[in-house]
Amino acid sequence: MSQEELGKSLNEIIKHRLEKLSMIRKLGYNPYQYVFNRTHSCKSILENYDDLKESVDVSVAGRLMSVRRMGRASFAHIQDQSGRLQIYIQENKVGKTQYKLFSYLDIGDIIGVTGKVFKTKTGETTVFVEKLEILTKNIRPLPVVKEKEGKVFDAFTDKEQRYRQREVDLNVNPHVRDIFVLRSKIIGWTRDFFVEHGYLEVETPILQPVYGGAAARPFKTYYNALDQVYYLRIALEIYLKRLIVGGYEKVFEIGKTFRNEGIDRNHNPEFTLLEFYETYVDYYYMMDFVEKYFKYIASKVGKSTYRFEGHDIDIMKKFNRVKLFDLLNGEIGEDLYKADVAKLRKICDERNIEYKPEWERGKLIDELFKEFVEPKLIQPTFVMDYPVEISPFAKPARDGREGIVERFELFIGGQEFANSFSELNDPLDQRSRMERQKRLKDKGDEEATDIDKDFLVAMEYGMPPTGGVGIGMDRVVMLFTEQKSIRDVIFFPQLRSLE
RNA sequence: GGGCGCAUAGCUCAGUAGGUAGAGCAACGGCCUUUUAAGCCGUGGGUCGCAGGUUCGAUUCCUGCUGCGCUCACCA
């Protein structure tokens, strides 16, 4: 045991379990077994009762979750990944030694049983144990959650403990396990969707000498062998586009990215981003494609409407498409497209929106948009055509509107879900945009990025016309699993370490 | 970072208008061969998050700290 300070009660429980551990060894059993040959899962026994009943020997293993001892016979539930199953063990049936073994078991132990399937008086499918094996002895008490008629008693609910010790949460709160199963499926369906559309899945560097592709503060690290400061990536953009330059026509990556920013219900500093790039298409094409993607996932999940951020979101309905300035002008009551910085500041002042003196046109517009428009975008809505200043990787609008780029963001429930451009492939324009970013950074903008020379060289070789999209997968999972907090769709959300 | 709230047994929670704490479950001992929040009898288990202050006396009041939650800011 470690030297950690334990309460007496916990210490006592652990002491008792260690004693049982040695008693089990004395009985001749290895409490940490190597293998167990299962013939069934808990669920498959429940589902195939008619074929199995009182004829076939089944072997099933799982964690002991409840025990009801009645002298020389006992009932218990074991739980495996598929679900819970009742077992019944009688001293007459298994003999004194194995019943003794059973008497040393605790909730949390992992056991294997073999026997025939029957139904109890009350109709519950149960395995009548003929042979019992201990596979792993538990020595630390698991919270005991009881249930009757759908009511849960003494549920393990402390959020901090649930996140810090997710393994406990997963064991005692089966619905939590279900959420993560659905997460895994959603990621898998996402992969299927892109592969089916001819995309190549790729992996690009997480450790980068120059970070870019988004506006965010990075995590810094140090690369000993190179004697250089490195950064954890904040986006996938840069390297994926270099692969497009390399000749791949459709690529996607699903991977962790890192932003050194606040943690809240909607943000985890380490999060899963999906980005995909396709050649010879623009952001109009990508709008259709993104909508298709969301509908594809919804159809796989099997529902049209999802409860998210307090609203019923209908994914199967046609997504709205609106231009940023149409929305914003409608909300403010003036034409902001033509407004200069002075005018925008005045509007902010009138509406009590704070701004920093160094903010220029694009940033001010973005701020007003976030404040007055975003929260109202509940049903899926593509917002199109953003100011160039806040979109350093997007192509200028082809219709020549000054200061506008071909970019859309998808909003659902007032939250940003996707960000997409007709990707900028003019190397000179790209260079001047990066130089501008660099100037902002030098002036103290912590979210601006350095010039990525390798990327600019790649652009000079020529990137075909390309549409690109980024989608925050954790939010997608939140939407489709109807979770209110990002922490409930990430196994181990970021918490401050103790000590 | 600001505001509000929470922190008591392994789990879920009471409680003390200041006199060092209770319940249910879990644990331990006993009875019990179709139970299912099994039941019955009995027993043990707490530096009341941490550190100070006020007080004869603090788990309770005050201050600071730590952790977590909600919220605002931040997050194209």
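The shown structure was predicted, so the numbers you read here are calculated from the model rather than taken from an experiment. Computed from heavy atoms alone, side chains included, the values below leave out hydrogens, waters and symmetry copies. Every chain is numbered from 1 and lettered A, B, ... according to where its sequence line falls, protein lines coming before strand lines.
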Side chain to side chain donor-acceptor pair (under 3.5 Å) against A:H40, all qualifying residues, sequence neighbours excluded: none

Remember a base hit wins even if backbone is also touched, and classify [X] as base, sugar-phosphate or nothing at under 4.0 Å, heavy atoms.
X: A:D158; result: sugar-phosphate
X: A:F153; result: base
X: A:P392; result: base
X: A:A76; result: nothing
X: A:F118; result: base
X: A:D264; result: base

From [atom1] of [X] over to [atom2] of [N], roughly how many Å is that when rounded to an integer?
X: A:F156; N: B:C13; atom1: CZ; atom2: P; answer: 11 Å
X: A:E19; N: B:G29; atom1: CD; atom2: P; answer: 9 Å
X: A:N11; N: B:U47; atom1: CG; atom2: P; answer: 11 Å
X: A:M70; N: B:A37; atom1: CE; atom2: P; answer: 13 Å
X: A:I13; N: B:C25; atom1: CD1; atom2: C1'; answer: 11 Å
X: A:H16; N: B:U43; atom1: NE2; atom2: P; answer: 16 Å
X: A:E354; N: B:G1; atom1: CD; atom2: C1'; answer: 14 Å
X: A:E447; N: B:A76; atom1: CD; atom2: P; answer: 5 Å

Name the closest nucleotide to the [X] side chain, picking from [options].
X: A:L495; options: B:A76, B:U33, B:C68; result: B:C68
X: A:Q161; options: B:A26, B:G44, B:C11; result: B:C11
X: A:R17; options: B:A76, B:U35, B:A27; result: B:A27
X: A:K20; options: B:G69, B:A76, B:C28; result: B:C28
X: A:K370; options: B:U71, B:U33, B:A76; result: B:A76
X: A:R259; options: B:A76, B:C70, B:G10; result: B:A76
X: A:Q86; options: B:G10, B:C68, B:U35; result: B:U35
X: A:T157; options: B:A76, B:A38, B:C13; result: B:C13
X: A:E124; options: B:C70, B:U35, B:C11; result: B:U35
X: A:E367; options: B:C74, B:U35, B:A38; result: B:C74

I want to check one thing: is the phosphate of [N], taken as OP1 and OP2, less than 4.0 Å away from some side-chain N or O of [X]?
X: A:K146; N: B:A38; result: yes
X: A:R164; N: B:C68; result: yes
X: A:R265; N: B:U71; result: yes
X: A:K8; N: B:G46; result: yes
X: A:R487; N: B:C70; result: yes

Can you find a donor-acceptor N/O pair under 3.5 angstrom joining the side chain of [X] to the base of [N]?
X: A:E12; N: B:G45; result: no
X: A:Q90; N: B:U33; result: yes
X: A:S9; N: B:G10; result: yes
X: A:R68; N: B:U35; result: yes

Cation-pi geometry met for A:K93 and A:F128 (6.0 Å, 45°): yes

Pi-cation contact, A:F271 with A:K256 (under 6.0 Å, within 45°): no

[atom1] spacing across the pair [N] / [M], given as an integer number of angstrom:
N: B:C74; M: B:G64; atom1: C1'; value: 27 Å
N: B:G29; M: B:G45; atom1: P; value: 16 Å
N: B:A27; M: B:G10; atom1: P; value: 14 Å
N: B:U63; M: B:U20; atom1: C1'; value: 22 Å
N: B:C28; M: B:U71; atom1: C1'; value: 46 Å
N: B:U12; M: B:U43; atom1: C1'; value: 22 Å
N: B:C50; M: B:C11; atom1: P; value: 15 Å
N: B:A9; M: B:A14; atom1: P; value: 12 Å

Neighbour count above 12 (heavy atom, 6.0 Å) for A:Q81 CD: no

I'd like to know if the side chain of [X] pairs up with that of [Y] as donor and acceptor (distance under 3.5 Å, no hydrogens or angles considered).
X: A:T257; Y: A:R233; result: no
X: A:Y99; Y: A:S74; result: yes
X: A:D385; Y: A:Y283; result: yes
X: A:N268; Y: A:R487; result: no

N-O pairing of A:K119 and A:E124 below 4.0 Å: no

Residues A:D450, A:K441: salt bridge by 4.0 Å N-O rule: yes

Flag, side chain of [X] to backbone of [Y], donor-acceptor distance under 3.5 Å:
X: A:N425; Y: A:M463; value: yes
X: A:Q430; Y: A:P392; value: yes
X: A:Y104; Y: A:L27; value: no

Residue mapping more 5' on RNA chain B - nearest nucleotide basis, A:V145 or A:W359: A:V145

In the structure shown, which nucleotide is the Watson-Crick or G-U wobble counterpart of [N], with both distances under 3.5 Å?
N: B:G24; value: B:C11
N: B:A58; value: none
N: B:G49; value: B:C65
N: B:U33; value: none

Close approaches to RNA chain B from residues 165-177 of chain A, in residue order (heavy atom, under 4.0 Å): none

Any residue of residues 94-117 of chain A with a heavy atom less than 4.0 Å from an atom of RNA chain B: none

Partner of A:F319 by ring pair (Phe, Tyr, Trp, His ring centres under 6.0 Å), out of A:F411, A:F417, A:F382: A:F382

